[in-house]
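Some notes on the structure that comes next.
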Amino acid sequence: MEQKTCLVVDDSRVVRKVARKILEELGFACSEAEDGLKAMESCANSMPDAILLDWNMPVMSGIEFLRRLRKMTHGTTPKVVFCTTENDIAHIQEALAAGADEYIMKPFDNDIIQTKFMQVGLL
Amino acid sequence: MKVEDFDMFCSLLKQRSGLVLTRDKAYLLESRLMPVARRNNMADLDALALAVRTKRDEKLLEQITEAMTTNETSFMRDGRPFDLFKTVVLPKMLEARAAKRHIRIWSAASSTGQEAYSLAMLMEEEKHKLAGWRIEIVGTDLSAEVVERARLGVYTQFEVQRGLPVQMLVKYFTQQGDKWAISPDLKRNINFRVFNLLGDLSVLGQFDIVFCRNVLIYFDQPTKAQVLAGIARQMPKDGYLFLGGAETVLGITEKFRPVESQRGLYYPA
């Protein structure tokens, strides 16, 4: 079976590193982007199976990226899991309306990432 | 801990909750009972053991039993049993109870309530099929403390992220500061109560579906057989029993049989 791919989008290098480690242990081949615009470029180049997405980032926010992604060719394919400190219901609803598949409220651990990726059918 | 104290605590726990502890679990006993000792102004476990022997204080005995019971749980724990419930068990029950339009479900070690609320959410998702039906969910646990938490239905951010799809979080919870409270509508059909599985199960009445997951693993063989026989008496022949992934009825009781190719699901024999 072909290895699933995940793009980790977060402006924090530490968060990217931790999330990447967890996702690689779950069998994903990971790439990284530090803001929404870089993530757009990455997706235009190669659409991943999953995207773990921060909300607040410089240049382009996670929610703006998601809205643009869903309009791209094949942009509805990736499962998008938000992973953010924005932990109020209004943000969650906004993310779902923009096309997010799941939502992780930071802080996260291996268990939470694993169950959320299972819920969207990637594990 | 002195060997005679360890044996005394083990015998107490076995008698009151069915929990079987082996010598290699002495560390667990010590780590869980030290807070009980401190809460009761005792310096160490020697003092706690002495109090148990001399006072027979019911409150203290309850605290000891509760401290040793495991409350590990999560929403939609293990996923598959809930899929089975939705795709196999519920459709069969809707057919079998079409005349009565009443289903009773028992979450037999409900801990802080996540299993019972998960079932209530699944039922709500299927409500288009349940117009005019009465669905009753009973959640029981040995620990008064966790039953109170279950009744309250308020969970931490960490708890609502373990197993619960975010769409259900948004639909069935309201945010209260950094906590999440289950909707009063879902609570309405659930009755949580303190109950010991070693007690007289007939007081709970009959159940069409029983979830008794990850409980039997803590019991010895005769206690497992006793509990399963008790559950069987409370179920009609067309009922369903869910056990945990590491549990089985095989070699323990003839009262239940596995449902073919549906791991973890059993029916009364």
Side-chain angles (χ1 to χ4, degrees), chain A residues 6 9-10 15 18-19 22-23 25-27 50-56 62-63 66-67 70 76 78-123, chain B residues 70-87 111-115 117-119 121-122 124-125 153-186 213-214 244-245 263-264:
Chain A
C6 183
V9 190
D10 200 300
V15 172
V18 171
I22 294 171
L23 287 160
E25 278 169 8
L26 292 172
I51 300 172
L52 188 74
L53 182 63
D54 188 17
W55 193 296
N56 297 306
I63 194 77
L66 177 57
R67 290 191 182 113
R70 291 311 193 202
T76 52
K79 300 289 184 187
V80 174
V81 179
F82 257 104
C83 185
T84 170
T85 51
E86 299 294 353
N87 56 7
D88 58 280
I89 207 151
H91 276 89
I92 299 174
Q93 282 165 333
E94 191 180 347
L96 291 175
D101 296 284
E102 258 301 342
Y103 200 99
I104 294 171
M105 295 175 269
K106 288 176 181 172
F108 59 85
D109 64 4
N110 303 29
D111 253 15
I112 290 174
I113 293 219
Q114 189 173 357
T115 56
K116 293 291 182 185
F117 275 72
M118 277 170 79
Q119 276 158 14
V120 296
L122 286 167
L123 290 172
Chain B
T70 300
N71 295 316
E72 169 65 21
T73 185
S74 62
F75 288 102
M76 310 289 175
R77 185 178 184 186
D78 304 329
R80 183 162 162 70
F82 295 95
D83 291 340
L84 267 182
F85 173 79
K86 195 172 151 182
T87 58
S111 186
T112 40
Q114 283 92 325
E115 183 175 77
Y117 287 128
S118 298
L119 291 168
M121 284 185 258
L122 287 185
E124 189 60 27
E125 297 287 303
V154 176
Y155 299 94
T156 64
Q157 181 174 296
F158 185 75
E159 286 169 325
V160 296
Q161 296 205 91
R162 290 183 69 203
L164 187 68
V166 71
Q167 291 81 358
M168 284 191 166
L169 176 71
V170 169
K171 196 166 167 187
Y172 298 114
F173 289 77
T174 52
Q175 204 166 11
Q176 294 180 351
D178 59 350
K179 298 277 173 62
W180 295 82
I182 199 104
S183 111
D185 283 347
L186 275 192
R213 302 190 301 141
N214 309 305
R263 196 179 150 82

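To find a chain, count down the sequence lines: A is the first, B the second, and so on, and within it residues start at 1.
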Can you measure from OH (Y103(A)) to CZ (F82(A)) and round to the nearest 0.5 angstrom?
6.5 Å

Rounded to the nearest 0.5 angstrom, the OG1-CD distance for T73(B) and E115(B) is 6.5 Å

Any side-chain heavy atom of K106(A) within less than 4.5 Å of one from D54(A)?
yes

Quick one: does R70(A)'s side chain get under 4.5 Å of P78(A)'s, heavy atoms only?
yes

Would you say the side-chain atoms of R213(B) pair up with the backbone N or O of R77(B), donor to acceptor, closer than 3.5 Å?
yes

Any donor-acceptor N/O pair, Q167(B) side chain to D101(A) backbone, under 3.5 Å:
yes

Tell me, yes or no, whether the heavy-atom count around R263(B) atom CZ, taken from other residues, nucleotides or ligands under 6.0 Å, exceeds 12.
no

Is atom NZ of K86(B) surrounded by more than 12 heavy atoms (other residues, nucleotides or ligands) closer than 6.0 Å?
no

May I ask you to list the residues in residues 169-179 of chain B that approach chain A closer than 4.5 angstrom, counting heavy atoms only, ordered by number?
L169(B), V170(B), F173(B), Q175(B)

Decide yes or no on side-chain contact (heavy atoms from CB on, under 4.5 Å) for V154(B) and E159(B), but give the supporting numbers first.
CA-CA 10 Å; V154(B) 176; E159(B) 286 169 325; over 6 Å; no

How far apart are the C-alpha atoms of H91(A) and T84(A), what are their side-chain angles, what is the distance that settles it, and do they pass the side-chain contact (heavy atoms from CB on, under 4.5 Å) test?
CA-CA 10 Å; H91(A) 276 89; T84(A) 170; over 6 Å; no

Report, in residue-number order, which members of residues 115-123 of chain A are under 4.5 Å from chain B by heavy-atom distance.
T115(A), K116(A), Q119(A)

Heavy-atom contact with chain B under 4.5 Å, split by part of I89(A):
both

Please classify the contact between D88(A) and chain B as side chain, backbone, both or neither, with a heavy-atom cut-off of under 4.5 Å.
both

